[in-house]
Each structure stands twice: as C-alpha cells, then as structure tokens.
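Proteins get letters first, then strands, A, B, ... in listed order; numbering begins at 1 in each.
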There are 2 protein chains.
Amino acid sequence: MPEAQSPTRKRIVDAATRLFYAEGIGRVSVDAVAEEAGLTKRTLYYHFKSKDDLIAAYLDGRDQPNLKRMAGWFDASEGGADRKVEAIFANLAKAAHHPKWKGCGFLRTAAELASMPGHPAIKVGSRHKSNFETWLAGALSVRGVEEPQALAREIVLLIDGCFSIMLIHRNPDYIEAAGRAAATLVRARIASDQV
Amino acid sequence: MPEAQSPTRKRIVDAATRLFYAEGIGRVSVDAVAEEAGLTKRTLYYHFKSKDDLIAAYLDGRDQPNLKRMAGWFDASEGGADRKVEAIFANLAKAAHHPKWKGCGFLRTAAELASMPGHPAIKVGSRHKSNFETWLAGALSVRGVEEPQALAREIVLLIDGCFSIMLIHRNPDYIEAAGRAAATLVRARIASDQV
DNA sequence: TTGTGTATATTCACTAGTCAGTATACATAA
DNA sequence: TTATGTATACTGACTAGTGAATATACACAA
C-alpha cells in the first residue's frame, strides 16, 4: 500500500494538475500524466487505483489553494462588503487574461462527467464549492450583511456563471458585468428596504 | 457533394444530439453516432468532413429550439418583467428534474473544448448565447426596464451559473436562488433609485 | 424501350494509432 | 524476509478517419 504523503504521489498529482487543467480530463491519457511526472505508468498505478481516482486527487489538491486565493483577494481589498465582493471579480478578470487560464477546473470536470453524477471527482467538486460558499457567507456575515447565506449563494452563481460563459465568449466584459451585478445584490442586502 | 437538407444528414444530427447531450462529445465515438443513426461510419463521413464538424452541427441544431423554449416560458407567464424572468428559472427547475437533464449542451461542449478556443462548435455556442442575450434585452426593453442590455447580461450570467453549478451539486435550490437574484436585479432597474 | 453516362449516396474492410489497465520482474530499505 | 517502489513490455478494446467498390436514381440518346 502506498503512502498518502509520498513525494512520488505528489509529483504525480502535480503533473496531473498541469495536464488536466490545460487539456481537460478526457483529453489527457494516464500515459501522458506518467510521462509528465517523469515515471512509468506502472508506478502511477501503484499510487492510484484508477484514472478516476487520480482525477479526484487532482481536484482535491486544488481545494485549499483556490479557497485561499479568493479569500486573499477579498481580504486585501479596501471598502465595504460590496467593494470586497467586486474585488473578487476584478482579480478574476486579471487572472483570465493569462493565456493558460481555462476557467474553473471543478466546473469543467463536472461538465465532462455530467453523465456520471456519482463520480468521486464530482463529490470533491461539490465539497469545494460548498466550502467556498460557506466561507463567503461567514465573511459577509461578519460585515453585518442581511441573510449572508442567501447572498453568498447568489454571488457563487454569478462567479460560476462568468467562469462558464467566459469559455464561450472569451470576453472579460462578462466578468465586469458579473461584478457589478454582485455589488448590486450586496447593496440590496445592506439597504434593508429591498427583499 | 452532399445535400444540406438531406434526410440522412438530419438522421445523423438527431442521433448525434441524443448521444452528445447524454454523454458528452468526448465520450461518444463517431462509430457510436453512426450506429445510433442506423448507417455506417463511411456514410457519416460522406455528410460531415470531421467529428468537429458534426459537433458544430449538433449545437447549431439546438440554437432555435432552445431559444423558442426560453421565449415561450417568458411569454406564457403572468406579471411584470421580474415575474417573467423568474418564470424562466422556475421552468428550468422543472426541466432539471427530468432524469435525462444534463445541463446546457452549449456550456458543456465549451467546457470540454476549453483548450481549443477557436473550435467551430464554440463559435456556434457563442452565437447562440448572444442570440439569447439579444432576445432577452429586447423583451425587457419592451417592458420599460432601464438599461435592458446590461440587465439581460446579468440574467444570462445567473442562468449559466445555475446550469453549471447544478452539474456539481444536483440541488434545484440553486435554481430557485438564481431566480430570486434575477428578480432582485430586474427590480433594481425598475425602481430607478438603484444604479 | 433500351442503353449509356453521371452524380449522389452508401457499404465493407481497413489503417495507424491510442486507451486504461496489468503481468512479470527487479530493485532498495527496514 | 517483507514492504515499498520502479521498470519493461504487453493486452484487448477502442479511436478518428480512409480506400475501393457499389447501389440508386435520373438524365439523355438510339
């Protein structure tokens, strides 16, 4: 039985992360991942029992880094809750300019696996998105927003909306529009006259 | 040269539509499409020059039906612009209950082809999403909403957001939340005190 | 009416390559 | 000796796309 913290395992996950995010899980073979990691397929299969397992491990490895990145953008920005939320979108737009940017790995994997709702990787994705929503609700709650959970969910919908539509239009105007919509929704929960 | 309106061609596109939507473009072979259509692969390649072409034809065939469906929901519902927009989400939630529902074929295809931004199928998807956004802006404009184009874009973001996140969580509460957020955004453009 | 030509539409058999996963063997270290 | 890890080489199934032949239908001419 392989070690959970093995450096070899980490090398494999890192290689899988680069390739799966760049090309999509269906377009990357296990052979390609092994070669990218600089070892043989047999070694990969010593550490992972199947490609499906490897895909789940890839997403699992992105959970905390993605969360910390978003929280960092939120915390680093000035202003009230509406400005902090808008800052997430502004930074997303900056990231989307990078030529290697290909949207959200969690959403793209879920789209590829839409016919297999119980796939382990989708469970990992569901957990990640819930983690983010929960963190955002907490961060909004601290700033005295009304119904922070409902608001967090609405913002999540806008974020995932622009992740997806950016892959179709490749036009950052959509991220800006999403940021403005999110700020409007935040303000609707600060000025309590709007339900 | 094959005919553009050939009934055989239509049979192939119909078969491709069933399989590509159900399984995803990457998980369906050209052989499988040919078999589903009840003809040989060589015949399929007589009518389409490549699998990529066939994928684009699949999406192209979904453009008008999808548009008409959404417009039908909007037109059939009672009430002001906010209620009509909410009706789109309510009907989406109903559709999502069907066991064969697998989200939006355009978005899922774009996610699978994220590494090929110039792919013909992505262009078809981009056109379709623009068509919808333009139609919605017009429908909102007629009802005296302020900045109908900006509002239409925000609603599109929420629709595509719940299409995507539904594939991760499979929880219709997200569609309901998106519908409420959309109604809030519509009202913000009716009561002109909110910019 | 029969024959010939031609464009469209279709089939069977095939290529060259890739896929996920495995059998076998051999290291190294506790 | 046992556990952990790696390498070579392989399997059977599947992949997109193609070559060569043929079926079908409709033209026009004898």
From CD of B:Glu35 across to P of C:dC12 the rounded distance in Å is 12 Å
Notebook entry, point to check: Any salt bridge between B:Arg127 and B:Asp60, counting N to O under 4.0 Å?
Noted result: yes
Testing C:dA9, D:dA16, D:dA7 for proximity to the side chain of B:Tyr45, the answer is D:dA16
Quiz prompt | Short side-chain N/O contact to C:dA9 OP1/OP2 from B:Thr8, under 4.0 Å | solution = no
- Residues B:Glu36, B:Arg11: salt bridge by 4.0 Å N-O rule: no
message = Base, sugar-phosphate or nothing for A:Val33? Non-hydrogen atoms, less than 4.0 Å.
response = nothing
Against the side chain of A:Thr43, the closest entry in D:dA7, D:dG17, C:dT22 is D:dA7
Rounded to whole Å, the OH-P distance (B:Tyr46 to D:dT22) equals 18 Å
When rounded to whole Å, the CD1 to C1' distance for the pair A:Ile12 and D:dA7 reads 14 Å
Picking from C:dC12, C:dG21, D:dT15, the nucleotide nearest the side-chain atoms of B:Thr40 would be C:dC12
Lys/Arg cation over aromatic A:Tyr174: B:Arg153, 6.0 Å, 45° cone
yes
Rounded to whole Å, CD of A:Glu23 lies from C1' of C:dT18 at a distance of 15 Å
Taken to the nearest whole Å, NZ/A:Lys10 to P/D:dG5 is 16 Å
- Task: Describe, in one word, how the ring planes of B:Trp135 and B:Phe74 are oriented to each other, choosing from parallel (under 30°), tilted (30 to 60°) and perpendicular (over 60°).
- Result: perpendicular
To the nearest angstrom, the NZ-P distance between A:Lys41 and C:dA23 comes to 13 Å
The nucleotide from C:dA20, D:dG5, D:dA7 with an atom nearest the side chain of A:Ser6 is D:dG5
note: A:Asp52, atom CG; C:dC19, atom P; distance rounded to Å ~ 16 Å
Check whether A:Tyr21 forms a cation-pi arrangement with A:Arg108 (NZ or CZ under 6.0 Å from the six-membered ring centre, at most 45° off the ring normal).
yes
On DNA chain C, more 5' by nearest nucleotide between B:Asp31 and B:Arg11 is B:Arg11
Regarding the side chain of A:Arg42, the nearest nucleotide among D:dA16, D:dG5, D:dA7 is D:dA7
Testing D:dT6, C:dT22, D:dT18 for proximity to the side chain of A:His47, the answer is D:dT6
Which of D:dT15, C:dT10, C:dG21 is nearest the side chain of A:Lys51? It is C:dG21
Atom CZ of A:Arg27 and atom P of C:dA20 are separated, to the nearest Å, by 13 Å
